Amino acid sequence: MPEGHTLHRLAAQVNAVFSGSPWRVSSPQGRFAAGALRLDAEVPRHAEAWGKHLFVHLDTRIWHVHLGLYGAFSFRGDSSFAAPPSIGAPRAWTAELRPRYDDDGWLIPEPPQGAVRARVQARHGWADLRGPATCAVLEPGEHALILARLGPDPLRQAPDTSATAERERFLENLARRRMSIAAALMEQAVIAGVGNIYRAESLFLESIAPETPSNELSASRAAALWDRLSQQLRTGVREGLIRTLRTEGDRRHWVYQHQGTACLRCGELIAARELQGRRLYWCPGCQLR
DNA sequence: CATCGATGTTTAA
DNA sequence: TAAACCTCGATGC
């Protein structure tokens, strides 16, 4: 699940269950032992997402997490710990917890299962982080450096404000590149938070051929693409999954992972090919140059 | 038990 | 362009 919507959801969840109170941080796996010690000594104040990055601001330090392709947080706790089982890559379902408490009144967590890079505990529950691409305590200045390399994030813009500076930045970023629009949308410096599913689904719904050179897309179509992605990401945050297709059944996408089947709009067979190491999906009938 | 693939990114060649 | 990295669930023998 880790496209931008997942990280914004995760930030909200971390704020809901951790921000403002002391926590206990450990690294059962051991690979984040030194970092965990530094985080354990401070209070988490505020979590925020920028594109696919999560930052948790503590008193003086910042915890940086990037889930990569298959990282995930799993949450467990007693009835007052309101959290979904997992945010990130799909994880196995676990049985209901029988809460027991220590002498300080803190919930006693279960022994960690598998490779838990970081465990953060609150009084009534905890979260386990597995498989992140990045899990680090930032040095001064690193936060700003990471943000400087990110393009505009549609989820950090007020919705329904039509001509915004953020959207203008996106149009400028596209106009400056000769690569295909399909390649450009995956560049986090062009637009932050878009991944393989949103790329495929936004280009399909805007009827844009993926190989169209980024700088040949008209300003009006580029603006419509931003608005489309903005709306899709917002739906993703609201629903907790990527649904770009409204149907009665379980199908959630128009083209993503539907190669070889008939396009629901025009009947042409949906195509797929490898582009820079990722699968690209599109409808050759709807997405003409 | 082995292999593969996944909503990602960086580094090396 | 390819490989490396982070982890685990699904699939295949």
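All values derive from a computational prediction rather than experimental measurement.
Within residues 129-143 of chain A, no residue has any heavy atom closer than 4.0 Å to DNA chain B.
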Which side-chain N or O atoms in residues 277-284 of chain A pair as donor and acceptor under 3.5 Å with protein atoms at least two apart or in another chain?
none

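Atom CG of A:L69 and atom P of B:dT9 are 9 Å apart (whole Å). In this structure, A:Y256 atom OH and B:dG5 atom C1' are separated by 10 Å, rounded to whole Å. Rounded to whole Å, atom P of B:dT7 lies 21 Å from atom CH2 of A:W254. Taking atom CG of residue A:L229 and atom P of nucleotide B:dT7, one finds them 17 Å apart after rounding to whole Å. As rounded to whole Å, 7 Å separates atom P of B:dT10 from atom NE2 of A:H66.
Heavy atoms from other residues, nucleotides or ligands lying under 6.0 Å from CG of A:D103 number 12 at most.
In summary, the aromatic rings of A:H57 and A:H143 are positioned with their centroids under 6.0 Å apart.
One finds a side-chain N or O of A:R278 lying less than 4.0 angstrom from the OP1 or OP2 phosphate oxygen of B:dG8. Remark: A:Q276 is not in phosphate contact with B:dT9, judged by side-chain N or O atoms under 4.0 Å from OP1 or OP2. Here A:K52 does not reach the OP1 or OP2 of B:dT7: none of its side-chain N or O atoms lies under 4.0 Å away.
Across all strands shown, A:E187 has no heavy atoms under 4.0 Å from either base or sugar-phosphate atoms. Note on A:R149: only backbone sugar-phosphate atoms sit closer than 4.0 angstrom, heavy atoms only; bases stay farther off. Residue A:R117 is in sugar-phosphate contact alone, with no base atom involved, counting any heavy-atom pair closer than 4.0 Å across all strands shown. When heavy atoms are screened at a 4.0 angstrom cut-off, A:Q188 is found touching the sugar-phosphate backbone but no base atom. Using a 4.0 Å heavy-atom criterion, one finds that A:Y198 contacts no nucleic acid atom at all. Using a 4.0 Å heavy-atom distance criterion, A:R199 is classed as making no nucleic acid contact. No contact: A:G71 has no heavy atom under 4.0 Å from any strand.
With A:W226 as the fixed residue, the side-chain hydrogen bond (donor to acceptor under 3.5 Å, both in side chains) test singles out one of A:Q157, A:E168, A:E206, A:Q231: A:Q157.
Between A:R156 and A:E166 there is no salt bridge, since no side-chain N of the basic residue sits under 4.0 Å from a carboxylate O of the acidic one.
Linking ILVMFWY residues whenever their side-chain heavy atoms come closer than 4.5 Å, directly or via other members, places A:I197 and A:L233 in the same cluster.
As the counterpart of C:dA10, B:dT3 is assigned, both hydrogen-bonding distances of the Watson-Crick or G-U wobble pattern falling under 3.5 Å.
The aromatic rings of A:F32 and A:W63 lie parallel to each other, their planes meeting at an angle below 30°, with 60° marking the opposite boundary.
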